[in-house]
Amino acid sequence: MTREKGAQKTRRTGRIKTPEAVFLGQLANQQSSKYRLAQGFGVLFAVSLVLQAWALANVFSDMALHQSFSISLLVVGLFALLIRALANFGRERICTSASRDIRYGLRGKLVSHLTNLGPARLRIEEDAALSTRVYEQVDALDDFFSRYKPQVFMVTLIPCVILLSVVSISWIAFFVFMMTAPLVIIFMIFVGHKAAQANRRQFNVLAMLSNQFMDLNQGLAELKRLNRTNEARERLSDSANAYQKTTMSVLVLAFLSTATLELFASLSIAMIALYLGLGLLEVLPWQVGSSPVTLTQAMFLLLLAPEFYLPLRQLGNDYHAKQKAEAAATDLLEILNAAVHTAASQEEVSRVAGSNNAATTNQLTSIQFENLSWREDGRYRLAPITATINKGERVWLSGESGVGKSSLLHLLLGFEENYQGMFLVNSQPFGELDLASWRAKLAWLPQTPEWVNGSIRRNLLLGLGSKEGAALPSEDEINAALRESQCDDFIQALPAGLETKLTELGAGLSGGQMQRLSIARALLSKADMWLLDEPCSGLDKETAQTVLETLEKASKGKTLLIVSHDTHPIAWVDKHWALTKGGLHEQSRKENRQAIA
Amino acid sequence: MSSHAKKTAKLSLKRLLLANPWGFIIPVMTGIAATLAGVALLGISGWFISAAGLATALGGALAFNYLTPGAIVRGMAILRTAGRYGEQVTAHNHLLGLLRTLRLWVWDQRVAKDVANLHEQSRGDLLQRLVSDLDQIIRWPLVVFLPWIYALLAYAAVAIFAYFILPSLLWPLSIAALFHVFVVPYVCGHFASHAVHVGQILGVHRRSRFVSLFSALITLTIRGHWGDYAQRLGELDERQRRMEIRIQQAVSLGRLLAYGVTIILLASSFYLLGSFDAETSRWTLLDGVQGTWVVGFVLSLLAVNELVLPLVQSFVAQGQSQVGLRRLNQLHQDAKVQPESKTQAIHRMSFKHWRGFHASSGMGNQAIDFCVQTSESIWLRGASGSGKSTLLASIAGDCLSSGDALINNEKCDLYSNQSYQAQLSYLPQSPYIFQQSIGANLRLGNPESTDDELWSVLEAVALAEWARNLPNGLETLLSSQGRNLSGGQRKRLALARLLLRQSPVLLLDEPFDGLDKATIETICHSLQSDYKPDILILVSHVSSRIGDSSRVIEL
């Protein structure tokens, strides 16, 4: 939606704007009142700048000519300097606060968007990389909103104010300013373009370097065993050297352009100083014997000359902020543009479903698919299928990767509502169900079990003990669940037992043990319907077999849909669904057994 | 030994500064030249114009030498630009060199870490250290050190100028310098340092909570508890925001203070330079003080003011660099002393009460006794969870162990013992394939291998046919973690790499998992002929020809 809006805007203004620029512009508009206030401070800053120059010019010329000066003018000059400092302070505070509001608001929006995307978020990136986008990339916008954005206004304001105050004093100085300003701007665009290229290339190469480091680090144990750590170090060193060389060759050019810009500014200041000095000496070739300016005016011009170029130079320095922000915006837009197909807000659904609540709080009796399919971008994610699961039936879903096995599970989890055909639960259309109470009936056992950092106990009880006052499972219940999932043996062997910390890497538990723990969790949740997504794909055959045996015993009486590859056949299911690009083929229990045998 | 000690010494800002002193001196010198030229440009122009004005007013304009100051002004302009350019180029070159040094330092620390705890560091955390912490540290010379030196030197130059105008000006000047260069930045840095530190920690905490919660997103959502957890994530963000406000406040206030110091300095300089003349109610300069010089002095003070403003921020950056450094130093490992004795080619290994176990969970196999010698092979069997793999890893010296190991009848500490490990090849359950070409991956086993040797070892693990059908053959790049290979191919490629090492002892953990009968047969044939090790220890639940001809140990 944001994109459409952006596209309209682009057409209206008739300028080519990248989606990133549009996105950044929209974010800045959220804080337009703050930016306006900052502009007010900017005007105050510019006015006090001119005032200070005027007062000090008078003090200086009096001092040079008469060795004395009026105190009130000095006070005005110093006061103007103070006002300038205060205006700068105010501007800075407002701009940083605007940038904060924009960034933290955006971050909240990203997190809730990712939540709504559910499992689909992994199509963008894995979680660790997403966290980089949500935190680092959003913070990468800071310089743009707190410095670059307000500076763009100052770049037009200050030179204009200075030109206005100069025009009545000296035409020559006015023309020097007028002539050099466009040159400076043209160079800046050139510089910016070069810097952008350099930046982007540097970014890519740096990412590659990190990637290489992480790859070698992941295989470090292997390298140590092979005794090749020194060779790896050399590789790292070589690529860092190569990076240094290529980056420097780009930077030498990029800085050269910046230096040219600086040279213009410095030379114009020197030119004006020289012109003023020669003018005062009355030796200008075209004006010998008379002075174009008084000493006061000359001082005034000299004081303003560096200020004229300063904002431009600062903008040149901040230009990389814009590049950085646009690069970050690309990544952030990828998240925000990923369409969410879940119900926009869950409260709305529960209101609609109010009357049907009775149906869903009851026991699950059946799930029916009638010509259910899911098309995305004109391509079937899931070919039309028609099938039924009755209460207490255990179904094995197999098929090649990419035929939509996981997609079907995501539909059942309620993360995708953009399906075609009929999807009925207890003969109610799925869309009319109260999503929260439907989900409460589910247990989810994916390929890599979902663990948070914390003890085994915390993970077993994750999300249990609801707000409605349902008590946490008792110690006996936990022990029973552990026994049934055959976790009790290895948990007893752990020195810290249930309090052992689980981390990202599983604290030395094997894949099979982790899967058993998630079976225990499913038991504790007392869910009616278990959804399993390739629970055995990471395990060797032997372990997979024992986990499946445990699963058979533990899931008796539950409704179960298990996605598993043909390499891990499951003999004990009631139905075997073979999913293909053409649709679903159902085998009964007997046929399945025969096929496996 | 000294180079090894240097590799693993702790990092400090001083060490970074001295890492490449000659590379650093050039940017410092050019930067100083540019800074002084910038200050002089304004000062000399001011003096030049006012002196010119005075000369005209006194009627001596024709005698005034305007060529020299004019040339100086232009010269300063060019020097300032060229100096700034030189500084930026050389400083960035130095910075990139520093980046290289630091990355290699991190690598050395990782290598020095013992194998059993290698995975203590999560990938995300290491990546954060590698990218953002390194970034905070390498910008230290550019953002903190150089501006500070420039401000100090600019003050020194102005002080010399002031001495010639009126020696008593040195008083306010030195006090202002003290405030500008030391006190204000220090106070602001101090005010912000806590926030910088907490902010950095919160950042890490927030990221790990994000990853942890999102990895359990579906479970939390279907239990209806996502809201509570997401709120806690939001709270962390809110705390981070408060820290950010504090830091920004410190910086803004510091700038205001710096301006204040400049204003007071200007006022007190004027006060010292003149006296109030009640008659004309004007401030008159003291005798012997040249008005034209004062103009130059005041203008150069204004130029110095622009130089000291960035210092406030630089001390916050200093805090960030220090936090980054501290976090990086957490990776620091002391160099381990390797046992002096060299292990000769192994012909006999015997184990008493031997038990391998994992450092974190303490789980492993039941203690066993066994012995194996040249031309013997052993098939370790046992139920899932009996600790076969852990036992094998402990024999490979990759995993902690208890009990005694006698290698060639000599007692030997196996864990992380490089000279022992050089004598054996160990294929773990999930070996690692690097993001390099097939050839480069294989040559990790033996860098001197010829292409023919690579093809014959691929033949031995039944991968030659597959590799020949690839358009780029041995040069084919493998994707991250060998994702474009099947599990069986990955394992066989790693096995081929080990076979190239031709080491006397071969330890294989489930080499046949997921392979068809013909492939298993090929591998068994190779292991019994061309690539036959002196000692073979096999863990497998699949029966094979090589297993059948081995001594079986049941766990």
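Throughout, protein chains are lettered first and strands after them, A, B, ... in sequence-line order, and every chain is numbered starting at 1. Bear in mind that the values here come from a model prediction, so they are computed numbers and not experimental data. For the numbers below, each heavy atom of this structure counts, side chains included, while hydrogens, waters and symmetry mates do not.
- With hydrogens and angles left out, the side-chain atoms of B:Asp237 and A:Tyr135 include no donor and acceptor closer than 3.5 Å.
- Ranked by heavy-atom pairs under 4.5 Å with chain B, the list A:Lys245, A:Arg521, A:Glu92 is led by A:Glu92.
- Only the side chain of A:Asp139 comes within contact range of chain B, with heavy atoms under 4.5 Å apart.
- Between the side chains of B:Arg110 and A:Asn217, a donor-acceptor pair is found at a separation under 3.5 Å.
- Of the listed residues (A:Ala443, A:Gly108, A:Gly512), the greatest number of heavy-atom pairs within a distance under 4.5 Å of chain B belongs to A:Ala443.
- Per-residue heavy-atom pair counts under 4.5 Å with chain A were compared for B:Ser215, B:Ala77, B:Ser50, and the maximum is reached by B:Ser215.
- Both the backbone and the side chain of B:Ala267 come within less than 4.5 Å of a heavy atom in chain A.
- Only the side chain of B:Asp398 comes within contact range of chain A, with heavy atoms under 4.5 Å apart.
- Remark: aromatic rings of B:Tyr259 and A:Phe89 are distant, center separation not under 6.0 Å.
- Using a 4.5 Å cut-off between heavy atoms, B:Val542 makes no contact with chain A at all.
- Heavy atoms of A:Asn88 lying under 4.5 Å from chain B belong exclusively to its side chain.
- The greatest number of non-hydrogen atom pairs below 4.5 Å with chain A, out of B:Ala51, B:Gly53, B:Ala216, is found for B:Ala216.
- For chain A, the nearby part of B:Leu302 is the side chain; its heavy atoms alone come within less than 4.5 Å.
- Heavy-atom distances place both the backbone and the side chain of A:Leu130 under 4.5 Å from chain B.
- With a 4.5 Å cut-off on non-hydrogen atoms, B:Ile44 does not touch chain A at all.
- Each of B:Glu244, B:Met76, B:Arg255 has some count of heavy-atom pairs under 4.5 Å with chain A, and the biggest count is that of B:Glu244.
- Proximity to chain A is absent for every atom of B:Pro69, based on heavy atoms less than 4.5 angstrom apart.
- For A:Leu209, the parts lying under 4.5 angstrom from a heavy atom of chain B are both the backbone and the side chain.
- Figure legend: A:Arg107 and A:Tyr104 shown as a cation-pi pair, the cationic atom lying under 6.0 angstrom from the six-membered ring centre and within 45 degrees of its axis.
- Both the backbone and the side chain of B:Ile218 come within less than 4.5 Å of a heavy atom of chain A.
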Inset, instruction - Evaluate side-chain hydrogen bond (donor to acceptor under 3.5 Å, both in side chains) for A:Glu450 paired with B:Thr219, printing each intermediate quantity in order. - result: CA-CA 7 Å; A:Glu450 298 196 319; B:Thr219 303; 2.4 Å; yes
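- In this model, no donor atom of one side chain and acceptor atom of the other lie less than 3.5 Å apart for A:Arg93 and B:Gln248.
- Proximity to chain A (any heavy atom under 4.5 Å) is restricted, for B:Phe48, to the side chain, taken from C-beta onward.
- A salt bridge links A:Arg225 and A:Glu222; the closest N-O separation between the charged side-chain nitrogens and carboxylate oxygens is under 4.0 Å.
- Put simply, of B:Leu104, B:Val73, B:Thr292, B:Asn305, the one with the most heavy-atom pairs under 4.5 Å next to chain A is B:Leu104.
- Under a 3.5 Å cut-off, the side chain of B:Arg206 and the backbone N or O of B:Leu233 do not form any donor-acceptor pair.
- Contacts of A:Thr229 with chain B are made by both backbone and side-chain atoms, with heavy-atom separations under 4.5 Å.
- Not a single donor-acceptor pair under 3.5 Å links the side chain of B:Gln435 to the backbone N or O of A:Asp215.
- Heavy-atom distances place the side chain of B:Arg80, and not its backbone, under 4.5 Å from chain A.
- Using a 3.5 Å distance cut-off with no hydrogens or angles, the side chains of A:Asn227 and B:Gln418 do not pair a donor with an acceptor.
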Legend entry - Derivation and outcome, side-chain contact (heavy atoms from CB on, under 4.5 Å), residues A:Trp444 and A:Leu413: CA-CA 9 Å; A:Trp444 170 241; A:Leu413 285 165; 3.7 Å; yes
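- Side-chain atoms of A:Thr296 and A:Ser61 form a donor-acceptor pair, as typed in the model, at a separation below 3.5 Å.
- Within the 4.5 angstrom heavy-atom criterion, only side-chain atoms of B:Glu306, from C-beta onward, approach chain A.
- Using a 4.5 Å cut-off between heavy atoms, A:Thr115 contacts chain B through both its backbone and its side chain.
- Rounding to the nearest 0.5 angstrom, the gap separating the CZ atom in B:Arg501 from the CG atom in B:Leu444 is 10.5 Å.
- No side-chain donor-acceptor contact under 3.5 Å links A:Arg121 to the backbone of A:Leu114.
- Interface summary for chain A: among B:Gln436, B:Glu510, B:Arg74, the most heavy-atom pairs under 4.5 angstrom belong to B:Gln436.
- The number of heavy atoms from other shown groups lying within 6.0 Å of CH2 (B:Trp293) does not exceed 12.
- With chain B as the partner, the residue from A:Thr543, A:Val59, A:Leu276, A:Leu81 showing the most heavy-atom pairs under 4.5 Å is A:Leu81.
- The aromatic rings of A:Phe213 and B:Trp107 lie perpendicular to each other, with more than 60° between the two planes, well past the 30° mark.
- In this structure, the side chain of A:Ser239 engages the main chain of A:Leu236 through a donor-acceptor pair within 3.5 Å.
- For A:Val75, no part lies near chain B; criterion is any non-hydrogen pair under 4.5 Å.
- The side-chain tip of A:Arg439 points at the ring of A:Phe415 from less than 6.0 angstrom away and within 45° of straight on.
- Across B:His541, B:Arg497, B:Arg84, B:Arg241, the residue that shares the most heavy-atom pairs under 4.5 angstrom with chain A is B:Arg241.
- Contacts between B:Arg103 and chain A at a heavy-atom distance below 4.5 Å involve backbone atoms as well as side-chain atoms.
- Within the 4.5 angstrom heavy-atom criterion, only side-chain atoms of B:Leu99, from C-beta onward, approach chain A.
- Contacts with chain B were tallied for A:Arg103, A:Met271, A:Gln212, A:Gln545; A:Arg103 has the most, counting heavy-atom pairs under 4.5 Å.
- Heavy-atom pairs under 4.5 Å with chain B peak, among A:Asp62, A:Leu216, A:Val111, at A:Leu216.
- Here A:Ser131 is the residue among A:Ala240, A:Pro446, A:Gly277, A:Ser131 with the most heavy-atom pairs under 4.5 Å with chain B.
- Within the 4.5 angstrom heavy-atom criterion, only side-chain atoms of B:Trp226, from C-beta onward, approach chain A.
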